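A quick write-up on the structure given underneath.
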Amino acid sequence: MAVLREFHNSAGRTDLLIWFQGENKIFYVELKVLRGWQKSGPKRVQVKADQHITWGKEGIAQAYTYRRLQPQQPGSGYACCFDARDENKELPELLEFAKEKDIQYKRYFMFPSAKALRPTLMN
């Protein structure tokens, strides 16, 4: 197995390329962070919901393009969104778009602290 980061190909630069040599199977992985806030000069500005959807779809489209433009290498596309928004809530638009494009999609919520994570584990 080989793991290559920021692998350049004719479709662009995939964040991770995982190659199982024995099976000649490649996984194209695109990583995105859905930020709750961004800097605007000296201030913090909340990122709008439609920007999260656009950014997540961008990652899904990238994984789709990497996979599709490499027909000589059978592979699968993955889009992973690390969710740093305030609320741990899935974006159904991203699930649907990934399904349309035949891309495996997974969202990982990023808790702001270990203290915020613990109560969710105790339910």
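This one's a predicted model, so the numbers in the text were calculated from it and none came from an experiment.
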Under the ring-ring contact (aromatic ring centres under 6.0 Å, His included) criterion, do Y66 and Y64 qualify, and how do the steps go? CA-CA 6 Å; Y66 301 145; Y64 172 77; over 10 Å; no
For R35, is the CZ atom crowded, meaning more than 12 foreign heavy atoms sit under 6.0 Å from it? no
Specify the closest pair of heavy atoms between E30 and T14, including all atoms of both residues, with the distance to one decimal. OE1-CA, 4.1 Å
Report whether F109 and F82 are members of the same hydrophobic cluster (ILVMFWY, side-chain heavy atoms less than 4.5 Å apart, transitive linking). no
A116 to P119 - nearest heavy-atom pair and separation: O-CD, 3.5 Å
CA sep, side-chain torsions, deciding dist, call: Y78, Y105, ring-ring contact (aromatic ring centres under 6.0 Å, His included): CA-CA 6 Å; Y78 288 80; Y105 165 79; over 10 Å; no
Can you hop from V3 to F20 via hydrophobic side chains spaced under 4.5 Å? yes
Same cluster (ILVMFWY, side-chain, under 4.5 Å), V33 and L16: yes
Taking all atoms of both residues into account, what is the closest heavy-atom pair of G56 and C81, and its distance? CA-SG, 4.2 Å
Could you see if L31 belongs to whatever hydrophobic cluster contains M110? Use Ile, Leu, Val, Met, Phe, Trp, Tyr and a side-chain cutoff under 4.5 Å. yes
Of the non-hydrogen atoms in S40 and V45, which two are nearest, and what is the gap between them? CB-CG2, 3.4 Å
For the backbone of K48 and the side chain of Q51, can you confirm whether one donor and one acceptor N or O come within less than 3.5 Å of each other? yes
Report the distance from atom CG of L95 to atom CD of E100, rounding to the nearest 0.5 Å. 11.5 Å
